Amino acid sequence: MKHQHFKNTEQAYGRIAKWIHWSVAILFLLAYVSVYYRQWFTEEKTPENWNALQVHLSVGVTIGVLVLLRIIWKLINVTPRAEPGTPMEHLAAKLGHYALYLVMLVMPLTGYMGTGANTEFFFLFDISKFADTWIYQALVVDGLNSSFEAIEPTMDFIHKEIGGKWLVWILILGHAMAAMYHHFVKRDNTLKRML
Ligand code: HEM
């Protein structure tokens, strides 16, 4: 294998971007496996049920942290030049990527803001539940004159009904199909430069 750069180049993604990209892909899978394992295969109020939820919370928060790092890294780095394509294809790619960044931010945020439990497994840290934070106090209580009970259904709706059940799948499937199209139909370097 060729010498790998840490930073992106005009031709390919560097090690850092690749590492974050594939970590997030695996963590998405884990977020789904843990939450559906909890819902389908565990009984309420058992340790397995609680642990599966905690895995979901920690994996989700980790995705949130990684995507923030990814966005900073993207802003201070070059993005490899797009392979030749029509203006419509380039526009579709751009919109698809923005939508992916959006769900990678919105899913952890709505998950955290709609959860009434602390996150206990986040590496060495315990993360307080949203309702115990000063941000909640400043934003929801003082700012919106509202409460956790009032915002929770909206957060849950976005997190579960829109994002979790539909939007995330549609975007990831579209993303993976676009990568396959580049690799097997157009036979260009789009997939290779992220590997
Ligand atoms: C990218 C990150 C995340 C993804 C893709 C994701 C995805 C999902 C999915 C698919 C569900 C199940 C929806 C359903 O019931 O049909 C769910 C439920 C849930 N999520 Fe997330 N989530 C993420 C991050 C988070 C975070 C950061 C938290 C909180 C810190 C969180 C808290 C929850 C909770 C409490 C539930 C309900 C669990 C249950 O009822 O069993 N999620 N999430």
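The first residue of the sequence shown is numbered 1, and numbering continues consecutively from there. Predicted, not measured: the structure shown is a model, and the values here were computed from it.
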Hydrophobic cluster (4.5 angstrom, side-chain heavy atoms) - remaining members for Val106: Leu102, Ile158
Interatomic spacing from CG in Asn77 to NE2 in His5 - rounded to 0.5 Å: 12.0 Å
Donor-acceptor contact present, side-chain Asp188 to main-chain Thr190, <3.5 Å: yes
Test log, rule side chain to side chain contact (heavy atoms under 4.5 Å, CB included), inputs Leu195 and Lys18: CA-CA 7 Å; Leu195 292 177; Lys18 286 178 188 171; over 6 Å; no
Check ion pair Lys94-Glu89 (N to O, under 4.0 angstrom): no
Side-chain donor/acceptor of His159 to backbone N/O of Gly111, under 3.5 Å: yes
Test of ring centre spacing under 6.0 Å for Trp73 and Tyr13: no
Residue from Phe130, Phe148, Tyr136 passing ring pair (Phe, Tyr, Trp, His ring centres under 6.0 Å) with Tyr112: Phe130
Heavy atoms from other residues, nucleotides or ligands near CZ of Phe125 exceed 12 (cutoff 6.0 Å): no
Closest non-hydrogen atom pair between Glu43 and Asn49, with its separation: O-CB, 3.2 Å
pair Ser147-Val141: side-chain heavy atoms closer than 4.5 Å: no
ILVMFWY cluster, Ile26 and Leu69 together (side-chain gap under 4.5 Å): no
Value rounded to 0.5 Å, distance of CG in Leu105 from CG in Leu109: 6.5 Å
Cluster overlap Met177 with Trp169, hydrophobic side-chain contacts below 4.5 Å: no
Steps toward side chain to side chain contact (heavy atoms under 4.5 Å, CB included) verdict (Val59, Phe121): CA-CA 9 Å; Val59 164; Phe121 292 179; over 6 Å; no
Distance (rounded to the nearest 0.5 Å) between Thr133 OG1 and Leu139 CG: 9.0 Å
Derivation and outcome, side chain to side chain contact (heavy atoms under 4.5 Å, CB included), residues Trp166 and Leu171: CA-CA 9 Å; Trp166 296 103; Leu171 291 174; over 6 Å; no
4.5 Å side-chain heavy-atom contact, Phe41 and Glu48: no
Least distance between heavy atoms, Ala117 atom then Trp50 atom: CB-CH2, 3.8 Å
Shared hydrophobic cluster for Val168 and Tyr36 (ILVMFWY, side-chain gaps under 4.5 Å): yes
Nearest heavy atoms of Glu149 and Pro153, plus distance in Å: O-CD, 3.3 Å
Ser146: partners by side chain to side chain contact (heavy atoms under 4.5 Å, CB included), with sequence neighbours left out: Val140, Leu144, Ala150, Ile151
Residue pair Val55 / Ser34: nearest heavy atoms and the distance that separates them: CG1-CB, 3.8 Å
For His90 against Ala82, the heavy-atom pair lying closest together: NE2-CB, 3.8 Å
Single-linkage hydrophobic cluster Tyr181~Ile172, side-chain heavy atoms < 4.5 angstrom: no
Aromatic plane relationship, His175 with His21 - under 30° parallel, 30 to 60° tilted, over 60° perpendicular: tilted
Derivation and outcome, side-chain hydrogen bond (donor to acceptor under 3.5 Å, both in side chains), residues Lys74 and Thr79: CA-CA 7 Å; Lys74 185 174 176 64; Thr79 298; 3.3 Å; yes
Inter-residue atom distance Asp126.CG - Ser58.OG, 0.5 Å rounding: 9.0 Å
In one Ile/Leu/Val/Met/Phe/Trp/Tyr side-chain cluster, 4.5 Å: Leu173, Leu100: no
Asn8 side chain vs Val78 backbone, donor-acceptor pair below 3.5 Å: yes
Residues Lys129, Met113; criterion side chain to side chain contact (heavy atoms under 4.5 Å, CB included); working and verdict: CA-CA 8 Å; Lys129 58 177 181 280; Met113 292 173 75; over 6 Å; no
Value rounded to 0.5 Å, distance of CZ in Arg38 from CG in Leu53: 4.5 Å
Closest heavy-atom pair and its distance - Lys7, Ile76: NZ-O, 4.1 Å
Side-chain donor/acceptor of Gln11 to backbone N/O of Arg81, under 3.5 Å: no
Interatomic distance, His182 atom NE2 to Met194 atom CE [nearest 0.5 angstrom]: 12.0 Å
